Amino acid sequence: MSRTYRTCRMARARLRVLVGRARAACRPGGALRRDGGMVTSEYAMGIIAAVAFAVVLYKVVTSGAVGAELERVVRQALDARM
């Protein structure tokens, strides 16, 4: 078998595989279909989780102990000599 013939056969085989994958991806429910992003329910759960985290973070930052510590850090930064 010549080198050119072998290369041509390999190229044809590879092309058949690629065409088969492309056809499978185009079919509804094809094996190679990929999700483009979250569905609505996942998106809603993500928003709820983000809001819950923001509320917890807000409560922690506005608590007395953390507020006093943040105030101390800011005062130290403003009183620092350069």
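Note that the structure is predicted; figures quoted are calculated from it, not measured. Quick note: residue numbers are just sequence positions, from 1. Below, all heavy atoms of this structure are taken into account, side chains as well, without hydrogens, waters or symmetry copies.
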Considering only heavy atoms from C-beta outward, does the side chain of K59 approach that of V56 to under 4.5 Å?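 The answer is no; the side chains never approach within 4.5 Å.
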
For a side-chain contact (heavy atoms from CB on, under 4.5 Å) check, start with the C-alpha distance between V74 and E71, then their side-chain angles and the critical distance, and finish with the verdict. CA-CA 5 Å; V74 170; E71 187 176 328; 5.8 Å; no

To the closest 0.5 Å, what do you measure between CG (L78) and CD (Q76)?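 Between L78 CG and Q76 CD, I get 10.5 Å after rounding to 0.5 Å.
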
To the closest 0.5 Å, what do you measure between CE (M10) and CZ (R6)?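 Taking CE in M10 and CZ in R6, the distance rounds to 8.0 Å.
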
Please determine whether residues V66 and F53 belong to a single hydrophobic cluster, defined as Ile, Leu, Val, Met, Phe, Trp and Tyr linked transitively by side-chain heavy-atom distances below 4.5 Å.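 Linked within one cluster.
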
